[in-house]
Amino acid sequence: MNNRQMTADNPNATPALVIPQLIVGLGNPEPKYDKTRHNIGFDAVDVLARSWQIPLSENRKFQAQFGEGRGLHGDKIRLLKPLTYMNLSGQAIRACVDWYKIPPESVLVIYDDMDLPLGKIRLRLSGSAGGHNGMKSAIAHLGTQDFPRLRIGIGKTKAEQDAVAHVLGKFSSAENQVLSDVLQLVTQSVEVCLKQGVEKAMSLFNNRSVIPNSP
């Protein structure tokens with residue numbers, strides 16, 4: 001029985017906080033994909049790992065880069081970067097979830113979103129894949145859409161046919177300056193998720209934006 005079912009059964013009950021136990025960043029392995037827009041989930045997990053001093057190393061059982069340690073507030077936390085390539089991300093997530101017996105609602109997935117402008121992030125407790133192949137795989141392997149996700153805006157191209165080139169392209173130097181602040185915003189939002197729950201972080205961060213510096 002999940003938190004929502006408990007609340008439905010007892011309308012007067014206070015819903016339990018959704019606190020992540022596993023944080024997954026989506027991306028593609030291989031150096032040629034480093035710092036591309038599609039790999040922003042990997043970048044986010046790298047920043048969290050450095051901030052919390054959690055070393056990441058290859059875990060063949062999970063087919064992923066993996067690390068576990070304590071978050072800012074002393075919480076036990078696990079970090080995962082699937083090495084299965086984006087379209088098979090769910091395989092690595094499922095292997096880790098099964099090994100540690102983590103419920104889907106305790107898995108926070110971080111990934112890129114073309115529907116959000118660069119400078120914005122968006123947290124949700126559940127939802128569809130929205131056309132993102134990594135999320136399609138995650139939903140298929142977890143068997144549910146009911147797990148939290150944090151989308152990082154990468155902006156859209158003007159020409160629809162350039163979508164693939166856009167997501168697999170690297171950020172410009174100007175965008176990288178914004179991106180540094182965005183990843184700090186991601187870190188702050190995830191730390192609120194761990195301390196006060198995903199819904200609290202949603203209320204604090206979903207309407208915030210990183211404004212690029214004027215030239």
Side-chain angles (χ1 to χ4, degrees), residues 18-31 33-57 59 62 64-73 75 77-86 89-90 92-93 96 106-125 127 129-130 132-135 137-138 147-155 167-171 175-195 198 201-202 204-206 208-210:
V18 177
I19 306 285
Q21 298 175 38
L22 171 66
I23 299 172
V24 181
L26 300 187
N28 285 306
E30 289 190 69
Y33 296 110
D34 286 351
K35 306 304 177 187
T36 59
R37 295 180 181 89
H38 215 28
N39 269 35
I40 190 67
F42 274 14
D43 294 337
V45 166
D46 287 340
V47 168
L48 293 173
R50 287 195 298 270
S51 179
W52 300 339
Q53 297 183 317
I54 298 177
L56 299 174
S57 59
N59 183 307
F62 302 154
Q65 288 276 323
F66 175 77
E68 59 183 327
R70 299 283 173 182
L72 185 68
H73 305 289
D75 332 75
I77 195 69
R78 298 178 177 94
L79 302 174
L80 188 80
K81 293 165 56 180
L83 298 178
T84 50
Y85 289 92
M86 185 68 82
S89 298
I93 298 171
C96 186
S106 296
V107 180
L108 174 64
V109 181
I110 304 176
Y111 62 102
D112 60 294
D113 189 350
M114 286 178 61
D115 291 331
L116 287 175
L118 181 66
K120 285 194 73 71
I121 65 173
R122 188 67 48 82
L123 278 154
R124 290 187 67 190
L125 287 170
H132 192 285
N133 288 333
M135 283 300 286
S137 178
F147 57 90
R149 68 284 312 272
L150 193 166
R151 295 177 288 144
I152 303 175
I154 61 168
V167 298
L168 293 180
K170 295 183 185 291
F171 290 102
E175 287 175 326
N176 274 317
Q177 292 178 5
V178 176
L179 195 59
S180 177
D181 290 336
V182 169
L183 290 174
Q184 287 305 309
L185 197 65
V186 168
T187 300
Q188 293 167 18
S189 68
V190 171
E191 288 175 349
V192 171
C193 288
L194 296 178
K195 184 69 173 177
V198 175
M202 288 166 59
L204 292 176
F205 291 92
N206 277 359
R208 291 179 59 178
S209 297
V210 174

Looking only at heavy atoms, what is the nearest atom pair of Gly127 and Arg149, with distance?
O-NH1, 3.1 Å
Is the closest side-chain heavy-atom distance between Leu56 and Val45 below 4.5 Å?
yes
Exercise: identify the closest heavy-atom pair between His132 and Leu26:
CE1-CD1, 3.9 Å
Separation between CG of Leu150 and CD1 of Ile23, rounded to the nearest 0.5 Å:
9.5 Å
Side-chain heavy-atom pair Ile154, Phe171 within 4.5 angstrom cut-off:
yes
Let's go through Val186 and Val47 carefully: what are the C-alpha distance in whole Å and the side-chain angles of both, what is the deciding distance for side-chain contact (heavy atoms from CB on, under 4.5 Å) to 0.1 Å, and is it a yes or a no?
CA-CA 9 Å; Val186 168; Val47 168; over 6 Å; no
Just wondering, more than 12 heavy atoms not from Glu30 lying within 6.0 Å of its CD?
yes
Shortest non-hydrogen separation from Asn39 to Gly27 and the atoms involved
OD1-CA, 3.4 Å
Approximate separation, where rounding is to 0.5 Å, of Asp43 CG and Ile40 CD1:
4.5 Å
Which atom pair, heavy atoms only, marks the closest approach of Val167 to Met114?
CG1-SD, 3.5 Å
Would you call the rings of Tyr33 and Tyr85 parallel, tilted or perpendicular if under 30° counts as parallel and over 60° as perpendicular?
perpendicular
Close side-chain approach of Lys35 to Asn176, heavy-atom, < 4.5 Å
no
Under 4.0 Å between a side-chain nitrogen and a carboxylate oxygen: does that hold for Asp113 and Lys120?
no
If you define the side chain from C-beta out and look only at heavy atoms, does anything of Arg151 sit under 4.5 Å from Met135?
no
Between CG of Asp34 and CZ of Phe42, what distance do you get to the nearest 0.5 Å?
9.0 Å
Hey, are the side chains of Val107 and Leu80 touching, using non-hydrogen atoms and a 4.5 Å cut-off?
no
So Leu79 and Trp52, do their side chains get closer than 4.5 Å, heavy atoms only?
yes
Short question: side chain of Thr36, backbone of Leu168 - any donor-acceptor pair under 3.5 Å?
no
With a 4.5 Å cut-off on side-chain heavy atoms, are Thr187 and Leu48 touching?
yes
In this structure, which one of Leu22, Ile77, Leu194, Leu123 forms a side-chain contact (heavy atoms from CB on, under 4.5 Å) with Leu108?
Leu123
In this structure, CG of Leu118 is separated from OG of Ser209 (nearest 0.5 Å) by 10.5 Å
Report the C-alpha distance between Val182 and Ile121 in whole Å, list the side-chain angles of each, state the deciding distance to 0.1 Å, and finish with yes or no for side-chain contact (heavy atoms from CB on, under 4.5 Å).
CA-CA 8 Å; Val182 169; Ile121 65 173; 4.1 Å; yes
For the atom pair CG (Asn59) and CZ (Arg78), what is the distance rounded to the nearest 0.5 Å?
11.5 Å
Nearest heavy atoms of Pro82 and Val24, plus distance in Å
CD-CG1, 3.9 Å
If I compare all heavy atoms of Pro20 with all of Cys193, which pair ends up nearest, and what's the gap?
CD-O, 3.7 Å
d(Ser51 OG, Gln188 CD) to nearest 0.5 Å is 10.0 Å
Could you walk me through whether Asp112 and Met86 pass the side-chain contact (heavy atoms from CB on, under 4.5 Å) check?
CA-CA 11 Å; Asp112 60 294; Met86 185 68 82; 4.3 Å; yes
Do Leu179 and Glu175 touch side chain to side chain, with heavy atoms closer than 4.5 Å?
no
Hey, is NZ on Lys170 packed in by over 12 heavy atoms from elsewhere, all under 6.0 Å?
yes
Checking side-chain contact (heavy atoms from CB on, under 4.5 Å) for the pair Arg208/Ser189: CA distance, chi angles, key distance, verdict?
CA-CA 11 Å; Arg208 291 179 59 178; Ser189 68; over 6 Å; no
